[in-house]
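Structure first, commentary second.
Every chain is numbered from 1, with letters handed out A, B, ... down the list of sequences.
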Amino acid sequence: MKNHNLTIYNSLSRQKEKFESLHEGFAGMYVCGPTVYNDVHLGNCRTFISFDVIYRYLTYLGYTVRYVRNITDVGHLLDDGEDRMSKGARLDNLEPMEVAQKYTLGFHQILQLFNTLPPSIEPRATGHIIEQIEMVKNILDNGYAYIMNGSVYFDTVKFAEVTGEYGKLSGRIIEELLSETRDNLKNQDEKHHPSDFAIWMKANEEHIMRWPSPWSVGFPGWHLECSAMSTKYLGKQFDIHGGGNDLKFPHHENEIAQNLGACNIHPAKYWVHTNMLLMNGRKMSKSDGNTISPYELFTGESVHVSKGYSPMVVRFFMLQSHYRSTNDLTDDALQAAEKGYKRLMEAYKSLSDLLSDHNNPTELDSRISDIINGAYADMDDDFNTPRAIARLFELVTIINSLKEGQIRISEISDTGIKTLKSAFETIIFEIFGLKEENSTNDGVVDGLMQLIIELRQIARTNKEWTTADKIRDGLNELQIQIKDGKDGSSWSFS
RNA sequence: GAUAAGGUGGCAGAGUGGUCAAAUGCAACGGAUUGCAAAUUCGUAAAAUCGUGAGUUCGAAUCUCAUCCUUAUCUCCA
């Protein structure tokens with residue numbers, strides 16, 4: 001275990017709290033995953049990238065982390081009461097499980113491109129029907145639910161009266177919830193109160209996804225899976241529960257109610273919510289066209305971007321804002337992120353070329369250590385990646401100055417260089433989860449390019465500028481950029 | 001309407017009582033490099049008085065109130 005002073009903003013208390021895990025050396029984290037009836041939304045990616053960094057940082061600190069992220073493949077109700085999964089199935093003319101499989105695979109592919117680590121356990125709601133039924137039983141036994149025509153509803157009024165816990169996370173006031181009317185909601189008449197919610201639903205004739213239960217052949221309520229699966233894999237109480245801001249109500253509020261209702265204990269010590277990703281200052285919305293898919297973003301096939309941006313550039317862009325702030329995705333901002341990201345990676349590469357001629361501690365050495373410690377302190381402060389990145393760029397300036405001679409190489413010791421290198425590796429690759437891209441691994445291309453560069457060099461030596469420029473411009477059109485430096489030319493994909 | 005989070009340079013985005021005329025990246029400007037560019041790089045240089053108005057305080061971007069705007073949730077959403 002590393003010494004640290006990690007604080008996390010807890011949505012439940014609305015303040016930063018010192019992180020102390022329930023079990024020394026271990027950390028349990030549950031994050032609400034996607035509903036797999038559609039392609040992943042870029043906003044989802046932001047959330048999962050944020051939690052990926054949290055997962056990575058906890059691991060870096062030395063915790064043995066169990067990271068559970070579910071796949072919702074049943075239970076979401078549409079306005080008309082139809083299950084989301086079966087709707088997708090009907091439209092695509094597929095089995096519900098086929099739909100789930102298809103979009104689960106797509107989801108994994110995209111997240112892999114973003115270099116997120118897979119969770120320790122990725123449970124599916126349909127694989128935990130038994131656990132969910134058990135939980136319904138427990139809630140019934142504790143008197144916080146009632147049965148109506150084969151469906152089971154959570155009694156929010158009674159729960160609120162007995163525990164006083166309902167609405168705390170989202171700041172809802174129970175009286176106001178009770179006075180709300182929702183005439184268009186199906187089964188409204190079955191509920192005692194509008195704020196009550198289904199934990200088991202009786203399936204009607206057309207409903208494809210159905211399981212037997214003590215109450216009816218039916219399916220579990222949407223909020224129930226997370227309560228059941230977090231309890232199963234992390235215990236009745238665990239450290240961190242995460243998800244997007246938009247899940248606070250009703251999903252997380254109801255989850256807390258279910259856990260308390262079934263187990264008499266608050267499920268999570270720290271509730272962590274990520275903020276929304278915007279595009280051009282507005283929310284992403286399919287209906288008004290203000291949306292872009294991860295794939296479109298990578299290829300540039302969208303009116304919203306001037307070109308494609310690689311997954312690592314997008315990841316870096318997202319890390320440049322704090323997870324609790326909204327993040328505005330714009331073409332300008334992505335271009336800026338791309339340049340910054342490249343500069344950061346180039347500086348890392350330059351480190352290999354730096355050689356000090358001595359090993360006596362210097363003033364610069366200690367300045368470097370201070371900056372690095374600052375970056376870790378930023379991460380300790382509620383995972384402040386933008387500030388940590390800012391510090392890395394202070395190091396970038398130092399590295400480049402050493403390389404270019406603005407700072408004499410004797411001003412840094414051998415140890416200082418090693419410290420820089422290991423800090424870059426740990427922070428950029430291990431914690432931020434960035435990786436190098438664009439290596440061709442293609443001997444033929446490399447060989448050809450080497451040859452072309454040599455030919456152009458001959459032309460340049462002979463001052464045949466027309467030929468040299470033709471090669472340069474022609475390659476440029478093929479998205480290959482020639483970079484003329486002091487020690488010859490190099491190339492890269494632009 | 002209610003609830004929650006916000007409005008900081010040209011753009012993105014840190015900062016939440018004094019060390020802030022305010023980090024960092026990009027852009028812009030100046031220099032280095034170049035056959036010219038691009039790319040790269042340096043800059044004790046330039047750029048925001050922190051939505052608006054009022055208040056608390058010796059002192060506010062940071063606290064309070066009002067007001068305008070944005071986003072989220074209240075119905076499925078990361």
Side-chain angles (χ1 to χ4, degrees), chain A residues 11 14 31-35 37-38 40-51 72 75-80 82 84 87 167 169-173 176-177 179-180 182 184-186 194-195 222 242-251 253 273-278 281-284 316-317 320-322 324-344 346-347 350 374 378 384-394 396-397 400-401 403-407 460 463-465 468-469 472-473 476 481-486 489-492 494:
Chain A
S11 304
R14 301 203 169 87
V31 173
C32 290
T35 303
Y37 71 106
N38 217 330
V40 229
H41 183 92
L42 195 61
N44 283 258
C45 296
R46 185 198 184 194
T47 295
F48 299 132
I49 287 170
S50 297
F51 284 107
T72 298
H76 268 113
L77 290 174
L78 296 170
D79 289 345
D80 57 2
E82 187 181 21
R84 282 202 156 177
K87 173 152 187 172
L169 178 69
S170 56
R172 305 283 142 150
I173 300 153
E176 282 172 6
L177 286 171
S179 65
E180 279 174 24
R182 267 167 263 159
N184 60 343
L185 200 65
K186 204 197 167 198
S195 59
W222 167 42
N245 221 193
D246 49 354
L247 290 182
K248 252 190 209 169
F249 190 87
H251 186 241
E253 196 69 72
H273 289 98
T274 58
N275 215 136
M276 300 292 106
L277 179 71
L278 307 177
R282 293 187 297 130
K283 68 171 168 181
M284 288 205 187
F316 178 76
F317 164 73
Q320 272 189 308
S321 75
H322 187 85
R324 278 192 291 117
S325 303
T326 50
N327 187 193
D328 194 2
L329 185 97
T330 62
D331 195 53
D332 283 348
L334 284 166
Q335 279 190 29
E338 182 173 61
K339 290 209 169 185
Y341 173 68
K342 283 186 176 166
R343 195 153 94 91
L344 184 66
E346 284 302 317
S350 305
D378 292 333
N384 199 323
T385 54
R387 226 162 55 196
I389 288 174
R391 305 233 198 230
L392 286 182
F393 277 106
E394 289 177 34
V396 168
T397 305
N400 287 332
S401 297
K403 186 185 157 203
E404 301 286 319
Q406 277 90 356
I407 301 178
R460 293 180 75 205
K463 298 197 193 299
E464 291 163 11
W465 307 128
D469 290 353
R472 182 217 282 161
D473 298 343
N476 219 316
Q481 188 179 37
I482 291 289
K483 300 170 182 174
D484 296 330
K486 271 184 202 158
S489 306
S490 61
W491 67 280
S492 72
S494 53

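- With sequence neighbours left out, the side chain to side chain donor-acceptor pair (under 3.5 Å) criterion links A:Ser401 to no other residue.
- Between the P atom of B:rU41 and the CG atom of A:Leu344 lies a distance of 11 Å, rounded to the nearest Å.
- Per the geometry, CZ belonging to A:Phe51 stands 13 Å off P belonging to B:rA78, to the nearest Å.
- For A:Arg387, the side chain to side chain donor-acceptor pair (under 3.5 Å) test picks out A:Asp378, A:Asp381, with sequence neighbours left out.
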Inset, instruction - For each nucleotide in nucleotides 23-39 of chain B, reading 5' to 3', give B when a protein heavy atom comes within less than 4.0 Å of its base, S when such contact involves only the sugar-phosphate, and - otherwise. - result: BSBSS-------BBBBB
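- As rounded to whole Å, 9 Å separates atom P of B:rC42 from atom NZ of A:Lys403.
- Side-chain N/O atoms of A:His41 and base N/O atoms of B:rA78 include a donor-acceptor pair closer than 3.5 Å.
- Base pairing of B:rU44 is not made with any nucleotide, judged by Watson-Crick or G-U wobble geometry with both donor-acceptor distances under 3.5 Å.
- Heavy-atom distances to RNA chain B give each of A:Gly243 and A:Ala347 a nearest nucleotide, and the one nearer the 5′ end belongs to A:Ala347.
- For B:rU34 and B:rA14, the P atoms lie 40 Å apart once the distance is rounded to whole Å.
- Here A:Ser489 pairs with A:Asp484 under the side chain to side chain donor-acceptor pair (under 3.5 Å) rule; sequence neighbours left out.
- For the ring-ring contact (aromatic ring centres under 6.0 Å, His included) test, residues two or more places apart in sequence or in another chain that qualify with A:Phe316 are A:Tyr341.
- Across all strands, A:His273 comes closer than 4.0 Å to no nucleic acid atom at all (heavy-atom distances).
- Residue A:Ala337 comes nearest to A:Gln320 through the heavy atom pair CB-OE1, 3.9 Å, listed as atom of the first residue, atom of the second, then distance.
- Straight-line distance from the CG atom of A:Asn327 to the P atom of B:rA78: 18 Å, rounded to whole Å.
- Contacts between residues 42-50 of chain A and RNA chain B, defined by a heavy-atom separation below 4.0 Å, involve A:Gly43, A:Asn44, A:Thr47, listed by number.
- Shown are A:Thr274, A:Asn275, A:Asn245; of these, the side-chain contact (heavy atoms from CB on, under 4.5 Å) with A:Thr47 is made only by A:Thr274.
- In this structure, A:Ser401 reaches the sugar-phosphate backbone alone: every heavy-atom distance under 4.0 Å involves primed, P, OP1 or OP2 atoms, never a base.
- The partner of B:rC36, taking Watson-Crick or G-U wobble pairs whose two distances both stay under 3.5 Å, does not exist in any strand shown.
- Contact annotation for A:Leu277: base contact, defined as any heavy-atom pair under 4.0 Å involving a base atom.
- A:Gly242 comes within contact range of no nucleotide atom at all, as no heavy-atom separation falls under 4.0 Å.
- With sequence neighbours excluded, the residues satisfying side-chain contact (heavy atoms from CB on, under 4.5 Å) with A:Met284 are A:His41, A:Leu42, A:Leu277, A:Met279, A:Thr291, A:Ile292, A:Leu329.
- A:Ser170 pairs by the side chain to side chain donor-acceptor pair (under 3.5 Å) definition with A:Glu253, not counting sequence neighbours.
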Inset, instruction - Go along nucleotides 62-73 of chain B 5' to 3' and tag each nucleotide: B for a protein heavy atom under 4.0 Å from its base, S when only backbone or sugar atoms are that close, - otherwise. - result: --------SSSB
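- Residues meeting the salt bridge (Lys or Arg N to Asp or Glu O under 4.0 Å) test with A:Glu464, sequence neighbours left out: none.
- Pairing of B:rA60, defined by two Watson-Crick or G-U wobble distances under 3.5 Å, is not identified with any nucleotide.
- Of the P atoms belonging to B:rC50 and B:rU62, the separation is 9 Å, rounded to the nearest Å.
- The separation between A:Trp491 atom CH2 and B:rU40 atom P is 17 Å, rounded to whole Å.
- Scored by the ring-ring contact (aromatic ring centres under 6.0 Å, His included) test, A:His251 finds A:Trp222, A:His223 as partners (sequence neighbours excluded).
- Base-pair partner of B:rA21: not found among the strands shown (Watson-Crick or G-U wobble, both distances under 3.5 Å).
- Using a 4.0 Å heavy-atom criterion, one finds that A:Ser11 contacts no nucleic acid atom at all.
- The ring-ring contact (aromatic ring centres under 6.0 Å, His included) check on A:Phe48 picks up A:Phe107, with sequence neighbours excluded.
- Using atom P as the reference point in both B:rG17 and B:rG6, the two lie 14 Å apart (nearest Å).
- Note: A:Arg343 CZ to A:Ser350 OG = 11.0 Å, rounded to the nearest 0.5 Å.
- The closest donor-acceptor contact from the side chain of A:Arg46 to the backbone of A:Met276 lies under 3.5 Å.
- Contact check, A:Asn400 against B:rC42: a side-chain N or O comes under 4.0 Å of OP1 or OP2.
- Remark: B:rU70 base-pairs with B:rA5. Criterion, Watson-Crick or G-U wobble with two distances under 3.5 Å.
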